[in-house]
Amino acid sequence: MAGERQADCLFCKIVAGEVPATVVRETETTLAFRDINPQAPTHVLVIPKVHYPDAATLAAAEPGIAADILRESAEVAAEDKTAGSGYRIIFNTGSGAGQTVFHAHAHVLGGRGFNWPPG
Ligand code: 5GP
Ligand code: ZN
C-alpha cells in the first residue's frame, strides 16, 4: 500500500529507530535529523515518516504531509538561527539531480553563503 515502510530503505530504518540519527525535531508525521555528511553549518534532512520515493509523489498522495515538511524545514532553520540570513530547502529528485536515498526528504541548508545558479 502507498506510504508503507520499505524493508530496504535507510530512512524508513531511521524512522523505526533501527539506524541511529541525530534527531533535531519530530512531529506525528515528520522527522528531522542532521545529515551525516554536512554541506553547510546547518544541514538537516526533514523526512515524512511514511515512505514515498520523492517529494512529488509524497505531495500527490499526502499533500498535508508535504506541507508539514515545509513547515518543519522553516522551524529547523529558525532553531539553528540560519533563517535570518536565508536558507535553502532542496529536494534532489532523480539520480541525475543527485538523489541517492529514494525516501522523500528536504535538505535544509544554512549558515553560509550560496551561489546561484546552484551546482
Ligand atoms: P540525496 O543525495 O538523496 O538528496 O540525500 C541523501 C542524504 O542522506 C545525503 O546528503 C547523505 O549525506 C545523507 N545520508 C546518507 N546516509 C545517511 C545516514 O546513515 N545518516 C544520515 N544522518 N544521513 C545520511
Ligand atoms: Zn523509506
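One-based numbering, in listed order, for ligands and for the atoms of each.
Among the atoms of Gly98, some N or O lies under 3.5 angstrom from an N or O of ligand 1. Considering backbone and side-chain atoms alike, Ile14 places every N or O at 3.5 Å or more from each N or O of ligand 1. For ligand 1, one of its N or O atoms has an N or O atom of Thr100 under 3.5 Å away. The shortest N or O to N or O distance between His43 and ligand 1 is not under 3.5 Å.
Per-residue contacts place Phe11 under 4.0 angstrom from the following atoms of ligand 1 (heavy atoms of the residue considered): 8 (O). Within the listing of ligand 1, atoms 22 (N) sit less than 4.0 angstrom from a heavy atom of Phe33. The contact set between ligand 1 and Asn37, taken as ligand atoms under 4.0 Å from a residue heavy atom, comprises 12 (O). Counting the atoms of ligand 1 from 1 in the order shown, those under 4.0 Å from a heavy atom of Asn92 are 4 (O).
Draw a line from the Zn ion (ligand 2) to SG of Cys9 and another to SG of Cys12, and the angle between them is 110° (to 10°).
Annotation: atom 22 (N) of ligand 1 to nearest protein heavy atom, Arg34 O, 2.9 Å. For atom 1 (P) of ligand 1, the closest non-hydrogen atom of the protein is His105 NE2, 3.2 Å. The protein atom (non-hydrogen) at minimum distance from atom 23 (N) of ligand 1 is Ile36 N, 3.3 Å. In terms of protein heavy atoms, atom 12 (O) of ligand 1 is closest to Asp35 OD1, 2.5 Å. Scanning the protein heavy atoms around atom 16 (N) of ligand 1, the nearest turns out to be Leu10 CD2, 3.3 Å.
A distance of 6.5 Å separates CD1 of Ile47 from CD1 of Ile14, quoted to the nearest 0.5 Å. Rounding to the nearest 0.5 angstrom, the gap separating the CD1 atom in Ile65 from the CG atom in Leu58 is 6.5 Å. Of the inter-residue distances, the one linking Ile69 atom CD1 with Thr27 atom OG1 reads 7.5 Å to the nearest 0.5 angstrom.
Using a 4.0 Å cut-off between charged nitrogen and carboxylate oxygen, Glu18 and Arg5 count as a salt-bridge pair. Lys49 has no carboxylate O lying under 4.0 Å from a charged side-chain N of Glu28, or vice versa, which leaves the two without a salt bridge.
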task = Would you please test Val76 and Arg25 for side chain to side chain contact (heavy atoms under 4.5 Å, CB included) and show each step?
result = CA-CA 8 Å; Val76 164; Arg25 289 183 62 83; 3.9 Å; yes
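Side-chain atoms of Thr29 and Asp68 form a donor-acceptor pair, as typed in the model, at a separation below 3.5 Å.
Between His105 and Phe11, the two ring planes are perpendicular [angle over 60°; tilted spans 30° to 60°].
Between Tyr52 and His103, a ring centre-to-centre spacing not shorter than 6.0 Å is recorded.
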